[in-house]
J.: 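Got a structure here, written out as structure tokens. Questions coming.
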Amino acid sequence: MLKQFLNLKLSQKLSPQQIQLMKLIQLPTQAFEQRLLEEMNENPALESGKEAEDYEKDEFDNEDYDDYDDAESERIEAEDINIDEYLSNDDTPDYKTQANNYSDDDEERETPFAAPVSFHQDLINQLNTFILNDDEREIAEFLVGSIDDMGYIRRSIPDMVDDMAFTQGIYTDEKMVERMLHVIHELEPSGVGARDLQECLLLQLKHKTPTEYVALATDIIENQFDAFTKKHYDKLLQKYNVSNEQLKKAIHEIERLNPKPGGSFTGNNKITENVVPDFAIRIVDNELELTLNGRNAPSLHVSKDYQEMMQTYKDSRDKSAQQKDAVQFIKQKLDSAKWFIDAIRQRQETLFVTMNAIMHYQEEFFLDGDETKMKPMILKDIADRVGLDISTISRVANSKYVETPYGTKLIKEFFSEAMTNDQGEEVSTLEIKKILKDVIDEEDKHKPLPDDQLAEILKERGYPIARRTIAKYREQLDIPVARMRKKM
């Protein structure tokens with residue numbers, strides 16, 4: 001019995017239409033608009049505009065919509081088609097297919113927002129400004145592809161020479177690769193393509209305007225890197241015979257460098273392009289108001305020309321085999337157009353219902369913007385509220401943006417796990433990270449707090465957290481260990 005149950009469970013599959021709907025839900029506003037254009041180009045029975053009435057959803061008889069791959073379905077007889085089903089006799093007004101809170105002249109529905117461009121694509125774009133022959137460009141692009149997300153090339157030149165030959169059919173030597181590596185080192189952000197931290201810092205220092213302190217900093221990184229990383233400032237003072245103030249200014253030049261040049265694309269200093277928020281939340285009379293971007297609710301209708309073709313076929317007395325072939329094509333296009341319009345309506349409803357549930361779940365945060373009021377919230381919490389599958393909630397959250405009074409944010413940022421404080425209350429890990437960051441920001445940088453002391457401070461504030469958890473949160477906040485936070 002157990003085996004039969006498992007086999008039955010595994011045999012359940014999504015229909016092609018369900019899969020397409022899930023893909024539509026996942027698309028953010030601009031990608032959805034592109035998908036809409038593609039569909040309209042492929043299906044002449046689907047048209048946009050407000051001059052024609054939209055169709056009203058029909059009750060379909062599934063038996064009339066069997067797969068045409070069956071041998072018995074190769075030819076459609078006139079009596080098998082309900083022609084009236086495809087004719088426009090619907091009274092559905094346009095406003096039912098559009099976002100509730102947007103008028104046609106609402107200027108706020110296309111508010112731009114900055115979103116990240118691919119790190120590697122930006123490097124390729126910069127590479128295109130260099131004059132390189134075909135062989136050099138192939139090698140340079142391979143090197144860009146070898147750069148990790150932090151901006152480093154972790155592989156040796158001999159290994160890359162071999163890899164290019166075996167996997168790309170690019171035959172070169174170490175000297176040529178080294179030369180192209182120097183080209184990569186000219187790209188922004190400065191330090192990209194370095195093979196280790198020392199080289200990364202040196203590349204950035206060499207791009208700085210030469211000064212007494214930049215020169216000292218360069219010498220320290222090039223010749224006294226180990227003493228610098230271990231914060232042995234006394235040894236450096238003795239080695240260079242400089243004053244405490246001179247060394248402090250040289251160290252300051254180094255501290256201003258970026259040890260992870262690629263990481264700037266996942267932090268606050270992103271190379272950006274404009275996208276459009278999918279939702280907007282406003283506070284009206286101390287109440288939250290949610291709107292869906294009007295571009296997610298296009299006005300669509302089934303082509304009148306195709307409806308008239310069906311009417312002509314219906315009125316025809318003599319129905320030839322050629323006409324029957326034509327009506328099969330028309331029927332398929334009308335089916336597809338109706339399904340797509342209905343799928344857009346389902347997408348619109350799913351997006352709005354999901355974001356509305358998130359908004360009310362995090363109502364305290366949205367009313368005043370205080371991150372410590374963010375509640376712990378997982379995908380299942382919202383799925384249970386709206387009666388949708390967890391995977392559907394994930395598709396909405398992972399790729400959509402919402403404009404709030406406190407900035408435009410990715411929806412998935414509102415989700416977090418729960419932890420229990422010393423009062424037995426569940427609090428969001430986002431709240432704990434905010435408090436941890438505040439503690440570190442306020443610490444004495446001459447004596448930065450190690451993780452065990454940070455754990456004690458948070459415990460005193462009512463958050464009993466293990467030292468290893470503090471370390472994990474600190475790394476997620478991109479905050480270095482205490483030794484690296486020390487200032488002179």
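Nothing here was measured: the structure is a model prediction, and the numbers come from that model. All residue numbers in this chain count up from 1 along the given sequence.
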J.: Using the salt bridge (charged side-chain N to carboxylate O under 4.0 Å, His left out) rule, collect all pairs that involve residues 374-383, keeping only residues at least two apart or in two chains.
T.: Lys380-Asp384

J.: Only counting residues at least two apart or in another chain, list the ones meeting salt bridge (charged side-chain N to carboxylate O under 4.0 Å, His left out) with Asp478.
T.: Lys260

J.: With sequence neighbours left out, what residues match Glu33 under side chain to side chain donor-acceptor pair (under 3.5 Å)?
T.: Arg295

J.: Check side-chain contact (heavy atoms from CB on, under 4.5 Å) between Leu21 and all other residues, then give those that pass, not counting sequence neighbours.
T.: Ile25, Ala343, Gln346

J.: List in chain and number order the residues that pass side chain to side chain donor-acceptor pair (under 3.5 Å) with Tyr152, two or more places apart in sequence or in another chain; answer none if no residue qualifies.
T.: none

J.: Which residues pass the salt bridge (charged side-chain N to carboxylate O under 4.0 Å, His left out) test with Asp441, sequence neighbours left out?
T.: Lys437

J.: Sequence neighbours excluded, which residues qualify as side-chain contact (heavy atoms from CB on, under 4.5 Å) partners of Asp159?
T.: Ser156

J.: Could you list the residues that satisfy salt bridge (charged side-chain N to carboxylate O under 4.0 Å, His left out) with Asp162, not counting sequence neighbours?
T.: none

J.: Run the side chain to side chain donor-acceptor pair (under 3.5 Å) test against Gln26 and tell me which residues pass, sequence neighbours left out.
T.: none

J.: Going by salt bridge (charged side-chain N to carboxylate O under 4.0 Å, His left out), name the residues that satisfy it together with Glu39, two or more places apart in sequence or in a different chain.
T.: Arg35

J.: Who are the side-chain contact (heavy atoms from CB on, under 4.5 Å) partners of Thr469, not counting sequence neighbours?
T.: Ile465, Ala466, Tyr473

J.: Return the set of residues passing side chain to side chain donor-acceptor pair (under 3.5 Å) with Ser303 (not counting sequence neighbours), or none when no residue passes.
T.: Glu47

